[in-house]
Amino acid sequence: MTTNAPIETTEAAPELHPGLAGVYLATTGTSRVDGQNGSLVIGGYPVEELAPKAEFEEVALLLRAGRFPDPEETARLKNDLARRRDLPEIALQVLAAAAERKLTPMDALRMVTGSLTWQSDPEPESDLGPEALALLARMPLAVAAYDRLRRGLSPIPADDAGRSLSLAGSLLYHLSGKEPSAARIRALNTYLNTVVDHGLNASTFTARVIVSTRADLVSAVVGALGALSGPLHGGAPGPALDLVREIGSPQRAEAVLREKLEAGERLMGFGHRVYKVRDPRAMVLSDAAARLYREEELGDEDRDLFDLAKTVEAEAIRLLDELKPGRRLRTNVEFYTALLLHGLGLPTDLFTPIFAVGRTAGWIAHIHEQEQDGKLIRPRLMYQGETNRTLSTTV
Ligand code: ACO
């Protein structure tokens with residue numbers, strides 16, 4: 001005989017954590033985000049030490065293996081990526097269809113990513129695994145091919161020049177068809193390294209939730225791309241640059257920013273869930289942008305924009321302190337992302353897809369850790385509502 005007697009439970013009284021703020025999910029060897037002191041450690045290295053010196057391929061291996069790779073390991077990964085530097089036919093068709101419908105580059109990247117493993121590839125020489133390698137090698141190509149297709153240009157075909165370059169170099173090459181300068185490659189490596197990983201941010205959490213159900217890596221990366229696309233996460237750098245452009249001159253900074261804040265708008269590129277001081281990545285990217293603008297001898301218009309951004313940053317912080325006292329809203333990574341990627345000649349709507357290219361290496365490392373942990377992620381909700389409604393029997 002069955003009874004409906006309540007099951008005795010030893011569960012503690014539930015406690016709500018809106019936005020899961022302050023909740024720790026697991027231990028990790030990937031990165032440590034210290035929001036009070038404004039420090040970020042990636043694979044044991046402070047971001048200021050690692051990002052401007054390492055190549056992105058080295059950082060991808062560091063995150064995945066927990067130690068800095070030796071030159072042979074890096075060479076093996078580069079070779080694996082070079083051998084996958086072509087897009088499957090189906091991926092080109094998806095991108096062409098997306099371009100015809102004028103989808104955003106981030107939508108196109110999300111759609112095409114599921115098809116990037118649809119090709120038989122050589123056996124990997126490095127430890128990253130076939131799906132991870134296919135995504136790392138081809139997401140940059142997909143971003144570049146889509147940018148060309150929507151401008152009515154043909155994608156740059158896979159060729160020896162593209163294969164001989166690093167991931168950062170090949171991304172720039174496949175966008176323009178021209179071999180990029182060392183300064184531009186260095187700047188993009190610094191950017192990709194800076195954004196490669198950042199604790200349990202929304203997109204990384206999404207990737208972990210998906211693989212915790214034992215779904216595959218491609219599903220996790222596609223889900224993470226969706227989470228990254230929102231303006232409160234990876235979608236901010238384009239609007240941050242638009243804001244600087246809208247302000248247009250230092251004299252207008254205070255009036256425009258004040259009006260926005262008084263109207264309840266958020267300033268893109270400011271504020272962070274964890275950092276209550278300046279995001280350390282903002283400093284790394286501001287230095288890298290200043291170096292790029294100097295070394296590439298960018299024109300007066302770009303240099304003026306850079307100077308204006310500095311004024312906007314200072315004014316924004318002053319006004320956020322005045323109008324949002326006690327919230328400690330400071331510059332985040334997205335503000336200088338915008339200036340660095342603009343200095344590389346990239347259109348604003350490519351900023352988030354390129355962020356995704358960098359963050360993919362972080363997602364891959366987290367997916368691996370989550371698979372080791374093996375625990376299904378399944379938090380609870382506290383139900384608030386009726387419990388004893390009845391339906392009318394008239395139907
Ligand atoms: N401009 C104006 N006000 C802000 C901003 C901002 N950029 N950020 C937060 N606030 C205010 C909120 O309006 C809120 O004010 P209230 O207390 O008067 O209601 C208060 O600060 C707290 O905001 P929350 O949304 O609760 O803070 P949370 O930690 O959830 O937000 C977030 C973090 C989403 C990044 C927020 O600061 C924001 O929207 N920033 C702008 C978007 C942005 O730059 N995103 C990129 C983040 S970096 C990354 O993801 C890679």
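Atom set for the values below is all heavy atoms of this structure, side chains included, hydrogens, waters and symmetry mates excluded. Whatever order the structure lists ligands and atoms in, that order sets their numbers, starting from 1.
One side chain, His366 or Thr30, offers a donor N or O that lies under 3.5 Å from an acceptor on the other. Thr28 and Glu369 are linked by a side-chain donor-acceptor pair at a separation below 3.5 angstrom, with hydrogens and angles left out of the test. In this structure, a donor-acceptor pair under 3.5 Å is present between the side chains of Thr190 and Arg186.
The closest approach between Leu323 and ligand 1 stays at or above 4.0 Å for every heavy atom of the residue. Within the 4.0 Å heavy-atom shell around ligand 1 one finds Gly269. Not a single heavy atom of Phe335 sits less than 4.0 Å from an atom of ligand 1.
For atom 7 (N) of ligand 1, the protein comes within 4.0 Å by at least one heavy atom. Within the 4.0 angstrom cut-off, atom 22 (C) of ligand 1 has no protein heavy-atom neighbours. By the definition of a contact as any protein heavy atom under 4.0 Å away, atom 26 (O) of ligand 1 is not in contact.
Shortest contact from atom 45 (N) of ligand 1 to any protein heavy atom: Leu232 O, 3.3 Å.
Counting heavy atoms only, Glu334 comes closest to atom 51 (C) of ligand 1 of the residues Glu334, Lys324, Lys276, Arg328. Between atom 1 (N) of ligand 1 and the options Thr331, Leu319, Leu267, Val195, the minimum heavy-atom separation is to Leu267.
Taking every heavy atom of Leu261 and a limit of under 4.0 angstrom, the matching atoms of ligand 1 come to 2 (C).
Looking at Val333 against ligand 1, only its side chain comes within 4.0 Å, counting heavy atoms. At a 4.0 Å heavy-atom cut-off, ligand 1 does not touch His198 at all. Of the heavy atoms in Pro231, only backbone atoms (N, CA, C, O) come closer than 4.0 Å to ligand 1. Contacts with ligand 1 closer than 4.0 Å are made by side-chain heavy atoms of Arg327 only, the backbone lying farther away.
Between Asp121 and the choices Arg83, Arg85, Arg138, the salt bridge (Lys or Arg N to Asp or Glu O under 4.0 Å) rule is met once, by Arg138.
Taking distance alone, with nitrogen or oxygen atoms compared against 3.5 Å, Arg281 stays at or beyond that limit from ligand 1.
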